[in-house]
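For reference, the structure discussed in these notes is given below.
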Protein chains: 2
Amino acid sequence: MHTETDIRRLRRFNRSVTSALGAMDQSFLGRGRPLGVARVLNAIGQGMTEVRELRAYLGLDSGLMSRNLRTLEEEGLIATTASEEDARQRQVQLTEAGRAEFNAYERLSDQHALEILGRSRRREELLAALDLVSATFCATAPHIHRADPRDVNIAYAMAEYTKELSLRFGRSFAVSQMSEEERLDFLPPRGIFLLASVDGVAMGCGALRPLQPGTGEVKRVWINPAWRGRGVSRRLMDALEQEARGLGYGSLRLDTSRHLPEAVALYHALGYREIDRYNDNPDADHFFEKLL
Amino acid sequence: MHTETDIRRLRRFNRSVTSALGAMDQSFLGRGRPLGVARVLNAIGQGMTEVRELRAYLGLDSGLMSRNLRTLEEEGLIATTASEEDARQRQVQLTEAGRAEFNAYERLSDQHALEILGRSRRREELLAALDLVSATFCATAPHIHRADPRDVNIAYAMAEYTKELSLRFGRSFAVSQMSEEERLDFLPPRGIFLLASVDGVAMGCGALRPLQPGTGEVKRVWINPAWRGRGVSRRLMDALEQEARGLGYGSLRLDTSRHLPEAVALYHALGYREIDRYNDNPDADHFFEKLL
DNA sequence: CTTTTTAACTGACTTAGGTCAGATAAGTAC
DNA sequence: GTACTTATCTGACCTAAGTCAGTTAAAAAG
C-alpha cells in the first residue's frame, strides 16, 4: 500500500479546500457582520427556532449565544418570544428584515458556489466527487420523506437515475416527462413517491404505484453512487413497504435487470422471491414479488 | 440542467468538509499553542526561510508576523539571523527543538488524516475524489523535477499507472520491481525519470531510457486522472525532450496502444510521427518517433 | 556624505470570540 | 408554600488576532 502517499493526498486536499472555502467564509464578511453573528442568523434562517437547539447546533456558550441574539434583535432582524409550554425557553423567528438579510447571505453563498462550479471543465465528475467526499464525512443518516412526483428534487433524482441506466445498459435512456395520470399513480391513495435526502439534496428515491387490485409495484429505486453501501436502499425499501401497507396493498411486485446486479441482490436479501415475467418491459429480465 | 441542485450539492460539501476539517485544525490546538503561531511554525518547517516569504504566504501584517516570530524564538523553537546579501532582511531556521515540535504537529495531522481514511470503506474511490477536488481548487501548476527511479513517489505513480493499464486493457498488469540495471537506464547519463508533483504528491511522471545510439525511448508517461486536461502531459513531454537533448539524444521513440487513445492523440499533437513497429511489445500497436 | 527608501520591529489600540460566576424567572418535587 | 432545578441573561474578564503609527537600522539614490 501507499499509505504515506494517501495521507499526503488527503492533507493536500485539506490545504486546497481550506483556502478555497476560506474565501467562501470571507464572503460572509461582505455584509459587515461578524462571522459568529452571521452564523446564528443563518441557523435561524434554516428553520431552527429554539435557543437551546441553536446552541447545540452552533456549539456556543449560553452567554455568547445570548449576546449574539441581542445583537440581531437590536438590528431588528429577529424577534424572540417565550415558549408556550415552558416560559423559560425562548423561541426565535426572523422578522421580515431578517428574512431579507438571510436571503442576501444565501445569494452570496450561491454565487460563490456557482463560481466554483464554473471553474471546472468536468462538472459532472466534480459533483460526483463532492458527493462522495460529503458522504464520507457526513455522520447523519439521510432523511426519508414523501414528495410530490413533480418536485424539482425528484426531477434531479430521475435525471441521475436515467443517466445511470444509460451507462449500465450501454444505450441511451430518455428522461420521460411525467403525465398527470402517471403523477396521480404516484400519489396517495394510489401510490407514493419517497425521497431520501441529506441537507436538502436528494440522494435516493423510490416509488410505489398500483399494479393490480391489492398489489403495488415498486418503481424508480435509485441511490446516489456516493451513498451506496450504507444501508440506505434497505431503509428506503422498508419505508416503501410500510407505505404500501398503509395504502392497503397485500403484496408488492417489481422488475429489474441483470445489468443492475446490486438491485437483484438487494431484492433477494430483502425477502423478495423471483417470479415469472408479469409485464412486457423489454429491459427487464428479473421479476420479484413479496407478500406484506 | 439542475444548477440549483448542483449548488446545493457543493454547499453541502462545504458544510460537511468544514466541520470535518475544522476538527483537523482543532488538533493544532492540542499542543497548547495558538493557531496563528502554529501556522508560522508549520510554514517554517515546510522550508520557508525568509520573513517576507512567510508573510506573503500566510498573509500576515508585518507587526503580527514579528510578534509570532518573537514568541517562537522565546520558546527556543526558531533562530533568526540577518540575511547575508541584505542585512535588513531576516532568515529564519528551526532549532533542534523546533524541528521536534514541527514533527509533532506533522504526526498529529497524519494521525488525523489516517483516521479519516480509515473511516471510508471505499478508499481508492475516495482518494480519487479528493484528488479531483484538489485539482479543481488548486491554482498552482504542478512542479516538474527529476527523481530517482526508486523514490517512493515513483513507486506510487507506477502503482497507479499499472492500475490504470489493467483497467484500460481489461487484464491485470503487475507492478514490476525495478532491477538495478533498469534503474541505471533511467538515470543520467543514460536516461532520466521525471515527476510532476503538487504539494509533494506525485500526480504525473514520465521517463527516458536509451534505445539505440543517439535515440532515446520515452517510457512510463502517466498523469493522475484528476489532473488531465490541464496541459500537464504536454509540459511533461516538453521537459522530457529538453532532458533528452541534454543527454545528447537526436531522436526519441515510443510505443503505445489503441487502448490509450488520449496518448495516441497527444503524441500526434506534439509532432511525433507514426513509424513501423520497432520492438516486440505485444501490448503496443502504435509506434512513434520525433527528431529533436 | 546626505536623503530617501525599505524590512523588520515595537507599542498602543481594537475587535471577535469565548469563559465564568452569579442573577433572574419559570418550572418541578416535596 | 418551600426548596431545588433549569433556561436564559448580564457583567466582568480574558485571549487571539489584527491594525496602525511610529522607530530602527540597513540599503539605495542623489
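Chain letters run A, B, ... following the sequence lines, proteins first, then strands; residues in each count from 1.
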Short N-O contact, B:Arg55 and B:Glu50, less than 4.0 angstrom:
no
Using a cut-off of less than 4.0 Å, is there contact between a side-chain N or O of A:Arg67 and OP1 or OP2 of D:dC9?
no
With the side chain defined as heavy atoms from C-beta on, A:Leu60 is closest, among D:dA7, C:dC9, C:dG18, to C:dG18
With no hydrogens and no angle check, just 3.5 Å: does a side-chain donor-acceptor pair link A:Thr80 and A:Gln91?
no
Along DNA chain C (nearest heavy atom to each residue), the more 5'-positioned of B:Gly63 and A:Arg88:
B:Gly63
In terms of side-chain geometry, is the basic nitrogen of B:Glu73 or B:Arg70 positioned less than 4.0 Å from the acidic oxygen of its partner?
yes
What is the distance, rounded to the nearest whole Å, between atom CG of B:Leu72 and atom P of D:dA16?
13 Å
Take atom CG of B:Asn68 and atom C1' of D:dG18, then tell me their distance rounded to the nearest Å.
10 Å
To the nearest angstrom, the CZ-C1' distance between A:Arg70 and D:dC9 comes to 7 Å
Distance, rounded to the nearest Å, where A:Leu35 contributes CG and D:dA17 contributes P:
15 Å
Nearest-nucleotide check on DNA chain C, A:Ser83 vs B:Met65; residue mapping nearer the 5' end is B:Met65
Is the count of non-hydrogen atoms from other residues, nucleotides or ligands lying under 6.0 Å from A:Gln93 atom CD greater than 12?
yes
For C:dC9 and B:Arg90 - does any side-chain N or O of the residue sit under 4.0 Å from the phosphate oxygens OP1/OP2?
yes
Could you give the CD-to-P distance, from B:Glu85 to C:dT6, as a whole number of Å?
18 Å
Interatomic distance where CD belongs to A:Gln89 and P belongs to D:dC9 [whole Å]:
12 Å
Pick the closest DNA chain D nucleotide for B:Gly36 and for A:Thr80 by heavy atoms, then say which residue is nearer the 5' end.
A:Thr80
Assign A:Asp86 to base, sugar-phosphate, or nothing according to its heavy-atom contacts below 4.0 angstrom with the strands shown.
sugar-phosphate
If you measure only the distance, is there a donor-acceptor pair under 3.5 Å linking the side chains of A:Arg9 and B:Tyr156?
yes
From CG of A:Asp61 over to C1' of D:dC13, roughly how many Å is that when rounded to an integer?
13 Å
Could you state the CG-P distance from B:Leu64 to C:dG11, rounded to the nearest angstrom?
15 Å
Between A:Arg55 and D:dA7, is there a side-chain N or O to OP1/OP2 distance below 4.0 Å?
no
